[in-house]
Participant: 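Structure below; questions to follow.
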Amino acid sequence: MSTSTRHVTADELFAMPNNARRELVRGEVREMAPAGFNHGDVTNRFAYLLSRHVYDNDLGKVSAAETGFRLQKDPDTVRGADVAFIAKARIPKNGGPAGFWPGAPDLAVEVVSPGDTLEEVEDKVDDYLSAGARMVLVITPRRKTLTVHRSGANPVILREGDVLDTGDVVPGFRCSVADIFI
């Protein structure tokens with residue numbers, strides 16, 4: 001006799017009470033502990049640098065605070081990006097959905113927390129790229145590194161003396177990796 005677990009949908013996840021951080025991975029809810037102070041500080045710093053460039057140049061929208069992106073359907077996968085960018089051409093005239101964004105952002109940014117495992121981070125990167133994200137950045141505060149992931153390319157690790165250039169994903173955006181960790 002086999003048992004099966006009922007998968008949760010993205011709509012059901014969105015309707016859950018907001019008393020916990022959650023993601024949905026192939027229909028299974030995963031709860032996460034609140035982020036620590038350093039995680040929030042680094043996330044905010046990067047979001048500020050990116051937002052300033054995006055809004056000054058009318059390039060699209062930047063989201064933060066674990067905004068949900070529905071990356072897969074049936075079973076649903078919803079990942080919460082620490083920071084994300086969506087190009088202006090992809091944003092509906094009404095500004096976008098009240099719920100989860102349907103699909104991947106152009107740029108997803110994950111800031112590694114002390115409790116994150118390498119496997120968990122790699123799974124998130126794979127989910128974003130498989131769903132069509134053009135670039136995924138993984139910021140590791142403990143090591144003060146930023147790893148750039150693109151589909152079909154080897155990851156590139158940038159250190160404090162390096163400069164991040166997002167190329168055509170966020171046109172014109174460049175920042176010193178050291179500026180993320182001030």
Participant: Return the set of residues passing side-chain hydrogen bond (donor to acceptor under 3.5 Å, both in side chains) with Arg90 (not counting sequence neighbours), or none when no residue passes.
Facilitator: Asp106

Participant: Counting heavy atoms not belonging to Tyr48, are there more than 12 under 6.0 Å from its OH?
Facilitator: no

Participant: Test your reading of the model: is there a side-chain donor-acceptor pair from Asn57 to the backbone of His53, 3.5 Å cut-off?
Facilitator: yes

Participant: Look at the side chain of Thr117 and the backbone N and O of Glu120, then say whether any donor-acceptor pair between them is shorter than 3.5 Å.
Facilitator: yes

Participant: When you look at Asp82 and His39, which way does the side-chain contact (heavy atoms from CB on, under 4.5 Å) test go after all the steps?
Facilitator: CA-CA 9 Å; Asp82 288 314; His39 179 280; 3.3 Å; yes

Participant: Does Asp179 have any side-chain hydrogen bond (donor to acceptor under 3.5 Å, both in side chains) partners at least two apart in sequence or in another chain, and if so, which?
Facilitator: none

Participant: Any side-chain hydrogen bond (donor to acceptor under 3.5 Å, both in side chains) involving residues 129-141? Give me the pairs, sequence neighbours left out, ordered by first then second residue.
Facilitator: Arg134-Asp168

Participant: Please name the residue in the list Val148, Asp116, Val112, Thr145 that meets the side-chain contact (heavy atoms from CB on, under 4.5 Å) test with Val138.
Facilitator: Val112

Participant: Which class fits the ring pair Phe46 and Phe173: parallel under 30°, tilted 30 to 60°, perpendicular over 60°?
Facilitator: perpendicular

Participant: Quick check: is Val109 connected to Leu129 through a chain of hydrophobic side chains (ILVMFWY, heavy atoms under 4.5 Å apart)?
Facilitator: no

Participant: Do the side chains of Leu164 and Asp162 get nearer than 4.5 Å, heavy atoms only?
Facilitator: no

Participant: Listed by chain and number, what are the side-chain contact (heavy atoms from CB on, under 4.5 Å) partners of Pro97, not counting sequence neighbours?
Facilitator: Trp101, Pro102

Participant: Under the rule for side-chain hydrogen bond (donor to acceptor under 3.5 Å, both in side chains), what residues qualify as partners of Asn154, not counting sequence neighbours?
Facilitator: none

Participant: Between Leu49 and Val163, is there a shared hydrophobic cluster once you connect ILVMFWY residues whose side-chain heavy atoms come closer than 4.5 Å?
Facilitator: no

Participant: How would you list all residue pairs meeting salt bridge (Lys or Arg N to Asp or Glu O under 4.0 Å) that involve residues 52-63, not counting sequence neighbours?
Facilitator: Asp58-Lys88

Participant: Evaluate Leu50 against Leu107 for side-chain contact (heavy atoms from CB on, under 4.5 Å), listing each step before the verdict.
Facilitator: CA-CA 11 Å; Leu50 180 65; Leu107 170 68; 4.0 Å; yes

Participant: Quick one: are Arg79 and Val25 in side-chain contact, heavy atoms under 4.5 Å?
Facilitator: yes

Participant: If we ignore hydrogens and angles and just use 3.5 Å, is the side chain of Glu119 paired with the main-chain N or O of Glu122 as donor and acceptor?
Facilitator: no

Participant: Quick check: do Glu110 and Val125 have side-chain heavy atoms less than 4.5 Å from each other?
Facilitator: no

Participant: Counting C-beta onward and ignoring hydrogens, is there a side-chain heavy-atom pair between Asp76 and Phe100 closer than 4.5 Å?
Facilitator: no

Participant: Among Thr147, Val111, Leu158, Leu146, which residue satisfies the side-chain contact (heavy atoms from CB on, under 4.5 Å) criterion with Leu137?
Facilitator: Leu146

